[in-house]
Every structure is written in C-alpha cells, then in structure tokens.
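To start, the structure under review is shown below, and the notes come after it.
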Amino acid sequence: MEKILEDIRVIDLTHVWMGPWCTMMLAEMGAEVIKVEPPWGALGRIEERGQMYGGAAPSFHHLNLSKKGLVLNLKDSKGIELIKQLISKSDVIISNYAPGTMEKMGLGYEECKKIRPNIIYCVLSGFGDTGPYSPYSSYAMVAEAIAGYTRQLGDSIDPNGPPKGMVGFFGDLAPATTMAMGIIGAIRYRDKTGVGQKLDIAQFDSMFAYNTQVTTYWLSGKNEVQRRAEDQERRKNAPPRNIDPLQQIGGNLKVKDGYVMVTGMRPKAIEALKEKLGNEEITKEMILECIAGMTKYEAFHFFAKMGMPCAPVLYASEATHDPQIAARDMIVTVDHPILGKIKASNFALKMSETPGTVTSAAPLLGQHQKEIIMGLLGYNEQEFNDLVQEGVIAYQPDIDKYLENLNKGN
Amino acid sequence: MKMPLEDIRVIDLTHVWFGPWCTMMLAEMGAEVIKVEPPWGALGRIEEFGRMYGGAAPTFHHLNLNKKDIAVNTRTPEGLKLMQELIKKSDVIINNFAPGTMEKMGISYDECKKIRPNIIFAQLSGFGDTGPYREYSSYAVIAEAFAGWARAQGDRDDPNGPPKSLVGALGDLGPGTMAAMAIIAALRYRDKTGEGQKIDVAQYDCMFGYQVMTTNYWLSGKTEAERRTEDEERRKQRQQDPISQISGYLKVKDGYIMTTGLRAKAQDALKEKFGVEELSKELILKEIENMTREEAFHFFAKIGLPTAIVYYASESTHDPHINAREMITQVDHPLLGEIKAVNFPVKMSKTPGTVTTAAPLLGQHQREVIMGLLGYTEEEFDKLVQEGVIAYQPDIDKQLENWKKSS
C-alpha cells in the first residue's frame, strides 16, 4: 500500500467550491475520485466574470486536481441506471445538491444502501439535512454571516458600521475539510466493522463550531456589545505597559514597499529590539522610523529573527514566488490536455510515508468517459455510442485528440 | 466498536489554538487525548484582557473539550521519563512547539520511534520543519498575511489602502482540521501496513493551499492589479442586473441580512411577489426596509436566494436552526457546573461525534494517567509532586469530589 486511500473509489456529485475541495483532499491522499458532471458541464467550470483557461475557470483548475471526469445525464433514467452501477462498485458517494435532490433522483441513502450495503454516503449543504432552514440554499458568505464572522469583521472596523464580508471562501473550504476528515474516520470505522454510514455536514454547523467566540457568551452571559465595553474598561485600568512598545505597534505596519504584519508580545524579542536599536527605552515612533526604509521582506526577517511572529503582507500572486513555498514543494506542475504544463498547489501536509500527491490536472468535461463506462462498468463500444446518441452521456468529439496530445506530451 | 478512533491514544503537547483544535476533533471522534501541560499551565488557559471562567479563558473551554489533562515538567529527567513511558502506550504524539524543541527535549521523531516504532508523530508549526523560514514563529494572522488573505481583505475596501486582518483565527483552525484529517488517514495506513510516520503541518502551507486565488495568477500570468482592472471592467458591464446590485449586506429594520446568488428563478419569484414586470434596486430595498432580519431572511431564502441573517456570534447561539441541529450540548465542569459547549460539526449516522467532558482543570487526570495508566504507586506519585516533576493542585481532589457528589 503506497497511498492511504488507494483502495477507495469516490463518486463525486459535488459542484462549486465546498464539495470539490473535500473530494480533492481525498484524491490527493490516493482515492479514485470520479467527478460526475451533467452534459452541459458543472456550475464551477464557468466563472461569471473571469477569463476561462482550457475550457474552465481558474478556481475549477484548482479545486478539481487529481480527479477523473465523467459526464452523465442524471435526468435520464438510463443515466440513473449508470450511476447505480457505479455505486455498486464504489465506497463513498458525496453530493452537495439541495436537500431532497438525491431522493428525487432515486439516490437517497436508503436506495444507495440497497445497492451497496456498506456505502459511506455524504451530504454537504448550507444548513444540513434537518432543522428549519434545511431547504434553504447557501454559499460561503451566507454561512460566515449567520455564524457571526461577518459582523465580527465589521466590528473590527467600526462597531456601528455595516458588517463586512470575509475573503477567501473559508465558509466553503473549512467545512469541506471537516467533512474530508469525517469521511476518512468513517472509512477507518468501515475497515474495522464492515459498516458504512451517512454523513451530513452543514456549512452553518461547521462555521458555528469554528467560531470560538460563542463559548465566551455562554460563559459570560453577555453579548458582544457588553463584552466590548467591559474589555475597554479593563484595558483602561490595566497597569501601564511602558516596557512594551510592541504591544502598541502590533498589526499591519507600513514599510517602504508595502506592509508587514507583526504580532505577539514576547519579552525576549523586546530585549533583542532594544539591543538592535541601542536604546534602553524604545518607543513606537522609534520602531516605525527604524523600519520605514526597509522593504517588507527586510522588515520581515528583521522582526522574525528576533522571535517576533511576523509576515510580509503578500498578494496571493506574490506568495506563489515566496522562497518558503518553493522550498516546501507547495507548487507542482501537472499536464493539462489543452493548456500543457500548468502549475498547481500541492497537497498541504507533509507525510513522511504517504505524501499526498497531485497526480493530474482538473479533468476536461467527460475526460474519463471511456475509461469508466467501458473499462470499469464493462460497456462495449456499440453500447457506449448508443448512450452518447441517446443523450445519456456526452462525449466531446475532440477529447480523443486532446488525450492523444496529452499522451504524446508525457 | 462505537467510534472511529476509540482504540487510539493521543499525547497532546499542543497549546494556543492550532493544535488544541486538531486534538479536539480527534477526541470528539473517540480518541483518548491526554493533554500535557507544564506545571504552570498552558499558554491558552489565560486570555490577556478577558475574564477567566473556572480557571481558564473562554477559548480554552472551547478548544479542549473531551480531553484528559496532566501537568508535567518535561524539562526534568523524571518528566522526560514519564513522557517516554506515555509514548510507549500511545498511538499519536502531536506538538506545536517551535521546530527543534522536541529534539531538545529528547523526544524527536527518531527518539519516539525507538520507543514506539509505529508512532504517528505530528509536528504543527507556522512554517514547517523545512525551508528558509522554519525557525520563525507564527500565529494565525501571520499565515493569513503570508498567503494573501490579509492583502485581499484590504483590497476589498481600497486597493491602495492598508491590508486588513481577518477575524476568527481561521489561519489556526483551517490548518488544524487538515492536521486532524492527516492523522486519521495515517492511522488507517498504520492499520493496513503496521507503519507509523511523521506528519509535518505548516500553517503557511495550508493557508497557501486553501488560497484558490493563486491558480488565477499561474494561469493568467497577471498580477492582482492587472486582474483587478479587468474585473472592474466586467463588473461595469454587468450593472444592469438588479439582483447583482442588491447582493451583499442589506439594511433592514433591525440590522443587516446578507443575500447573494443570481438565480433566474428567484428573480421571477421576486417580480411576482412585488407584482412588477421589472425589478429595480430601489424597489427591492424599499420592500424590505420595514422587515426584521428574520422576516427578510425567510422572505429571500424561501424564493431560493442564498441568504443569511448577519448575526453576532452571541445571537447565532440562540438560532433555532443551530438548536435543532443539536450543535449545542451541555457538559459538566468541576468548577462551573453545567456549561454549554459546541457539538462535533459532522453528523455521522453510525458513529456520531460526541462531546463528553468539559475542558480539563490543570492536572485533572494526573492520578488516572500516572498511577492508573503508567502504574506509579501513590508514594512514587507524591515524590514526583514534591520534586516538582508533576504538579498536583492540593484542592483538586476536593473539587473533583464535590463535583462527583453534585452530578
């Protein structure tokens, strides 16, 4: 055994960000993930305002690494028949449709269990399979807003001002990682007992659990406004911290070509700073003056070497050039049938025996159609062509040519 | 077998947020997590300006559910010996010390492997065990600034203005979940092959991995500034769509709601509700201005628009949906009595994650682990206390006794 999930086949009925991130984690740990798309392509292939590359949005290329692509028309009874055959040969099925959709298609947990008794059946949604908001739809920022993040970010700017949305879609990615963790837990449980199960994860549940603030209110019985007033009082009454100018300068500090982020209040670092500045007493002004002429990388090393947690504030595009990212092998190159060699983010965890691996670029629509339907499910060429003609599966005529190019390129 | 990790013992040398979140996930899936604190208590027990509850900060109560706790001075030879004995009986050891600390303590991966050949050794840090920044320290905000999050957040308001830090320490918790995922995966690998391994988790790596933006720049070859200009152009072209104009944070009678998505069906439903042929931003805002957040939320959500009430975190604890999902549970704390806690967020039909105990008192399970698990006698135990190798708060027995009586 070389990869942890190399014996696991996942049917991936997810789209947009949350589901695809979860299944990508599984794929990078060795699972065979078969991404099932409708003939017109998954929602996430297209970015509304952005440019497309090789037939897909940049985020699609990111979120669908190492997966196989299969196209099935699930609105056709034969498409459902095909997916049921696939379920009989798979270990995990995962969807992020609106609650009820899988049942409508005849692919509810009970149905899937009949086909594959030890299936691990996963549902990702905004609000989960139960509770009053269950039928409501969601995106990352919906979960962030309802779990308190958005108001908190707004408060960090102005408590009386509007809420503020967070960047980066953590409301998708964080619950999705939690789900991937749950799935691997369920796989281990199945290894030991032979029993499968259903996993139901809601973005709201997960973001609520991630928000450690909530415990504060249960313990104090006070709300944010009351707590804030109290905290300010406490700060005012605290003994003066004249030895600690870093406490005052913590945050995003302006330097010659941008900003550095400095945080933490370590006494050792303060001593080191005094020595560097050749002064017994240091003030905020002195520190700001000292770093004003530095570049953000110079200031970063200056603080970090003294043991202060510090970062140059980078654009994401700058982070792709950062030497640490390069040294950590966080960037890999994959072959794309249309784009040729492209860069991709590597699996983020370094595991000494079973390194996660990015094996292939995000698939073209239906890229693995023949491999799965003919190879895995045993349909012959004639039957395959019939399915194409009936509109049950799609097969882009130029895929063969692209794949040939890909093979030649390797 | 009732839980996926019920046969697993974890030695938890982590502190603050990143590590404790990871081990809590493992504990909620059934692992026995033994938190090892120095005799003076872990860093995360204390919140600088905040109030303490039952001897710990609120976040400590949040991040240390389900764990056992021992207080050991691992810098003494006897303390090291205790650690070695614990490693011998454990499956996973996890720390988020600065790189090199475990080596200095004499419990590096190689040392641990000698004691327990199939150990899973997880090293959590800001920058990882390799690379030019490996010695540097980090917090969540550092990883977020490095991986492009803070700059992107600042750009939302003003691309020429300062960066803006995110809230919620997701730069700790996001990588923490990844570490938990990797540990469970490594356990499965060990089940199948008998082999352990070392897992090296860097916050920066993980936040870089989570940053889906990066792929944009690799594919386009453009910088943020160039991409932003392009996006601005496209956005202008789209100004006609009334729904896209109202997307975002909308003011209603008692606060804000967030609505998003551009679903054609929802637009039609809106037109029908308002009895108009054409929608305009003004019309929509006027229709909702007298609604409460709750009314506006259900109004939009029922027509299929992804919508949220913009809550304070304290408000989301009262939300009927969170309560219906049983996301809030109660635990019994030796000093505080019944307190509320957040439940495990994945609903697993066969092996539901469970919150069983409150965050431990400092050294709460000292006797259970050192005498029960490691087999020390009462006399040996007392000697360790006297030598300052382990701490044992004199009133802990009384506290625990009172606690048992009341529960």
Side-chain angles (χ1 to χ4, degrees), chain A residues 4 49 53 58-59 62 131 133 136-139 142 145-146 148 151-153 163 167 170 173 177 181-182 184-185 188-189 197-198 200-201 205-206 209-210 212-219 223-224 234 252 261 304 309 311 313 315-317 319 324 327-328 343 345 348-353, chain B residues 4 29 49 53 58-59 62 131 133 136-139 142 145-146 148 151-153 163 167 170 173 177 181-182 184-185 188-189 197-200 205-206 209-210 212-219 224 234 249 258 301 306 308 310 312-314 316-317 321 324-325 340 342 345-347 349-350:
Chain A
I4 298 167
R49 295 186 295 262
Y53 300 89
S59 56
H62 191 110
Y133 308 160
Y136 292 169
S137 50
S138 173
Y139 280 119
V142 168
I146 201 163
R151 186 60 260 175
Q152 195 188 341
L153 185 56
V167 296
F170 232 82
L173 304 179
T177 312
M181 175 193 78
I184 301 166
R188 180 171 198 256
Y189 182 79
Q197 61 182 308
K198 176 177 171 178
D200 164 21
I201 193 163
D205 292 352
S206 190
Y210 273 113
T212 61
Q213 276 212 82
V214 297
T215 298
T216 308
Y217 308 114
W218 287 327
L219 287 169
N223 67 29
E224 274 84 349
R234 229 177 248 126
N252 294 304
M261 151 51 72
V313 179
Y315 285 103
S317 56
Q324 180 78 6
R328 296 283 290 171
K343 283 178 181 162
S345 275
L349 301 150
K350 307 295 170 196
M351 302 178 76
S352 64
E353 295 302 311
Chain B
M29 293 176 79
F49 290 109
Y53 300 90
T59 50
H62 191 108
Y133 309 159
Y136 293 169
S137 50
S138 174
Y139 280 116
I142 298 298
F146 248 118
R151 192 56 263 177
Q153 187 72 56
V167 293
L170 292 167
L173 306 179
T177 312
M181 174 187 77
I184 302 168
R188 179 182 199 239
Y189 184 77
Q197 61 181 308
K198 178 177 172 181
I199 305 172
D200 168 19
D205 292 350
C206 292
Y210 275 121
V212 176
M213 293 281 282
T214 53
T215 300
N216 276 313
Y217 308 113
W218 288 325
L219 288 169
E224 262 92 344
R234 285 200 193 91
Y249 302 96
M258 135 55 68
V310 181
Y312 284 105
S314 58
S316 58
T317 65
H321 190 80
R325 295 282 292 170
K340 284 180 179 156
V342 176
V346 187
K347 306 292 173 199
S349 62
K350 200 75 200 169

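Each chain gets a letter, A, B and so on, in the order its sequence line appears, and its residues count up from 1. Side chains included, hydrogens not; waters and symmetry mates left out as well; all remaining heavy atoms used. Since we're looking at a predicted model, the values are computed, not measured.
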How far apart are the closest heavy atoms of A:N223 and B:S314, and which atoms are they?
CB-OG, 3.7 Å
Distance-minimising heavy-atom pair for B:A145 and A:A311
CB-CB, 3.9 Å
Distance in Å, A:I146 CD1 paired with B:M258 CE, rounded so as to fall on 0.5 Å steps
12.0 Å
Checked B:V346, B:I199, B:I142, B:V342 vs chain A; the most non-hydrogen pairs under 4.5 Å come from B:I142
Of all heavy-atom pairs linking B:M181 and A:L349, the shortest is CE-CD1, 3.8 Å
In terms of heavy-atom proximity below 4.5 Å to chain B, should A:Y133 be classed as side chain, backbone, both, or neither?
both
Nearest 0.5 angstrom please: B:Q197 CD to A:E353 CD, how far?
6.0 Å
Okay, side chain of B:E224, backbone of A:S317: is any donor-acceptor separation there less than 3.5 Å?
yes
Option in A:N252, A:L219, A:V313 with maximal non-hydrogen atom pairs under 4.5 Å from chain B
A:L219
Does any backbone or side-chain atom of B:T317 lie under 4.5 Å from a heavy atom of chain A? Answer side chain, backbone, both or neither.
both
Is there a side-chain contact between B:D205 and A:K350 (heavy atoms, below 4.5 Å)?
yes
What do the steps show when you test A:D200 against B:R325 for side-chain contact (heavy atoms from CB on, under 4.5 Å), and what is the final call?
CA-CA 11 Å; A:D200 164 21; B:R325 295 282 292 170; 2.8 Å; yes
Please classify the contact between A:S59 and chain B as side chain, backbone, both or neither, with a heavy-atom cut-off of under 4.5 Å.
both
Between B:S349 and A:K198 (side chain of the first, backbone of the second, donor and acceptor by atom type, cut-off under 3.5 Å), is there such a pair?
yes
Can you name the closest pair of heavy atoms from A:R188 and B:P4 and give their distance?
NH1-O, 2.7 Å
So do the side chains of B:K347 and A:D205 get within less than 4.5 Å of each other, counting heavy atoms only?
yes
Using a cut-off of under 4.5 Å on heavy-atom pairs, state which of B:Y249, B:Y136, B:Y189 scores highest against chain A.
B:Y136
Greatest number of heavy atom pairs closer than 4.5 Å to chain B - which of A:A327, A:G148, A:A316
A:A316
Among the options B:I184, B:L173, B:L219, pick out the one with the most heavy-atom pairs lying under 4.5 Å from chain A.
B:L219
Do A:V214 and B:K340 have side chains that approach each other closer than 4.5 Å (heavy atoms only, starting at C-beta)?
no
Please evaluate residues B:V167 and A:Q213 with respect to the criterion side-chain contact (heavy atoms from CB on, under 4.5 Å), reporting the C-alpha separation (whole Å), side-chain torsions for both, the decisive distance (0.1 Å), and the verdict.
CA-CA 10 Å; B:V167 293; A:Q213 276 212 82; over 6 Å; no
Could I get the full list of side chain to side chain contact (heavy atoms under 4.5 Å, CB included) partners for A:S345, not counting sequence neighbours?
A:H62, B:F208, B:T214, B:W218
Donor-acceptor under 3.5 Å (A:R328 side chain, B:G131 main chain)
no
From OH (B:Y217) to NZ (A:K343), nearest 0.5 Å:
15.0 Å
Between B:Y53 and chain A, with a heavy-atom cut-off of 4.5 Å, which part of the residue counts as in contact: side chain, backbone, both or neither?
side chain
Would you say the side-chain atoms of A:Q324 pair up with the backbone N or O of B:Y133, donor to acceptor, closer than 3.5 Å?
yes
For B:V310 against A:P163, the heavy-atom pair lying closest together
CG1-CB, 3.6 Å
By side chain to side chain contact (heavy atoms under 4.5 Å, CB included) - contacts of A:S206 (at least two apart)
A:P175, A:T178, A:I201, A:Y210, B:P345
Hey, which of B:S138, B:A185, B:C206 has the most heavy atom pairs under 4.5 Å with chain A?
B:A185
B:A324 and A:G131: which non-hydrogen atoms are nearest, and at how many Å?
CB-CA, 3.8 Å
In terms of heavy-atom pairs under 4.5 Å with chain A, which of B:M29, B:M213, B:R151 leads?
B:R151
Measuring only between side-chain heavy atoms, which start at C-beta, is A:L153 closer than 4.5 Å to B:Q153?
yes
Rounded to the nearest 0.5 Å, how far apart are NE2 of B:H62 and OG1 of A:T212?
5.5 Å
Ring geometry between A:F170 and B:Y210 (parallel below 30°, tilted from 30 to 60°, perpendicular above 60°)
tilted
